[in-house]
Amino acid sequence: MPELPEVETIKTDLEKIILGKKIKVAEIKAAKIIKEPSAEEFAGKIKEEIIKKIIRRGKYLIFEFLSGKYLVIHLKMTGQLIYGDKNKQSKISFLLGNGQYLNFCDWRLFGEIRLIDDLEKFKGISKLGIEPLDIKFTIRMFYEMIKKKRSKIKSLLMDQSFIAGIGNIYAQESLFKAKIHPAKIALNLSKNESDKLFFSIKEVLTEAIKYRGSSINTYLDLEGRKGSMGERLRIYGRKGKPCFRCKSIVVGMKIAGRGTAFCPNCQK
DNA sequence: CGGGGCTCCTGTGCGC
DNA sequence: TGCGCACAGGAGCCCC
């Protein structure tokens with residue numbers, strides 16, 4: 001799914017077109033995506049809400065309404081938000097005050113939408129760890145955090161309660177950039193490795209935002225366009241191909257149930 | 001605490 | 001050609 005850079009791209013695009021607009025109606029074709037309240041209640045409650053602010057927290061996209069309520073969206077693996085005409089594949093369509101639609105599309109139906117009164121009462125958000133691009137996330141803090149952990153470093157990077165927003169693509173990219181083996185136990189990283197990984201995370205995420213995210217399979221931005229970060233990925237999906245750095249054959253393994261590619265020569 | 005497996009879904013691609 | 005399995009950007013849950 002969209003990870004932090006993809007959600008951030010949608011967020012900044014949304015800010016340009018949707019602030020101050022009203023949601024007239026929500027048309028619900030796949031009720032299972034609405035997690036709370038019930039789909040019927042959701043449709044009734046969201047009418048006439050006016051969008052005051054757009055927030056990203058981890059991989060969550062949040063609409064803050066003038067009323068003080070929040071629309072919380074998680075795109076999971078294949079969710080998309082497409083703005084414009086009504087979209088045939090749309091699972092939830094929001095008709096806006098200007099006659100345009102915000103379409104939530106999601107062929108795997110893993111996506112989640114909630115309308116809630118209090119953000120912090122929602123566990124999915126309250127348990128999230130630090131934002132990796134926040135200035136409060138420091139090199140010193142990162143080392144303090146990882147030196148207590150016995151888990152594999154890649155599992156840790158993808159743990160949303162540890163750091164919010166990194167998923168399977170950018171965890172692999174950050175580790176490749178820092179030349180660290182994805183299965184290395186976190187507390188065994190040296191201070192130097194920890195520092196390299198810290199900068200790699202920031203650089204990889206920043207680059208991915210600059211190039212508007214990776215469109216490996218399904219991710220599209222608000223206008224239905226692909227991001228160009230996919231062409232810039234250095235390790236994700238390259239199992240069996242030569243490493244860009246040393247030409248060794250990239251290998252794959254499963255970590256936390258997820259496919260993981262790494263260079264056995266560069267990443268120690 | 002950590003990790004493995006399964007689950008929610010649909011679609012694609014590969015090996016036999 | 002056809003079938004069945006593995007796998008896909010997420011993450012919660014159970015169990016060990």
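No experiment lies behind these values; they were computed from the predicted model shown. Order of the sequence lines fixes the chain letters, A, B, ..., with proteins taken first and strands second; residue numbering starts at 1 for each chain.
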Measure up the [X] and [Y] rings against each other and bin them: parallel (under 30°), tilted (30 to 60°), perpendicular (over 60°).
X	Y	result
A:F122	A:Y60	perpendicular
A:F262	A:H181	tilted
A:F198	A:F137	tilted

### Task
Using atom types as modelled and distance alone, determine if a side-chain donor or acceptor of A:E131 lies under 3.5 Å from a backbone N or O of A:R57.
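Pair absent, no side-chain N/O of A:E131 close to backbone of A:R57.
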### Task
Measure from the side-chain N and O atoms of A:S67 to the backbone N and O of A:K69, and report whether any donor-acceptor pair falls under 3.5 Å.
yes
I want to check one thing: is the phosphate of [N], taken as OP1 and OP2, less than 4.0 Å away from some side-chain N or O of [X]?
X	N	value
A:Q160	C:dG10	no
A:K59	C:dG10	yes
A:K127	C:dG12	yes
A:K154	B:dG3	no

### Query
Distance from A:K196 atom NZ to A:E203 atom CD, nearest 0.5 Å?
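Spacing of NZ (A:K196) from CD (A:E203) equals 12.0 Å.
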#### Entry: Sugar-phosphate only, base, or nothing, as touched by A:G124 at under 4.0 Å among non-hydrogen atoms
nothing
### Task
Using a 4.0 Å heavy-atom cut-off across all strands, classify A:G257 as base, sugar-phosphate, or nothing.
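The answer is nothing, as A:G257 stays clear of every strand by at least 4.0 Å.
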### Task
Run the ring-centre check on A:Y236 versus A:F176 and record whether the distance is less than 6.0 Å.
no
### Task
Go through C:dG10, B:dG2, B:dG3 for me and flag the one nearest to the A:M158 side chain.
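So the side chain of A:M158 is nearest to C:dG10.
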### Query
Among C:dA11, B:dG2, C:dA8, which is the nearest nucleotide to the side chain of A:R150?
B:dG2
### Query
Can you give the dot-bracket line for DNA chain B, where a pair is Watson-Crick or G-U wobble with both atom distances under 3.5 Å, crossing pairs use [ ], and | marks a partner on another strand?
.|||||||.|||||||
#### Entry: Sugar-phosphate or base contact per nucleotide [nucleotides 9-16 of chain B; S, B, -; heavy atom under 4.0 Å]
BBS-----
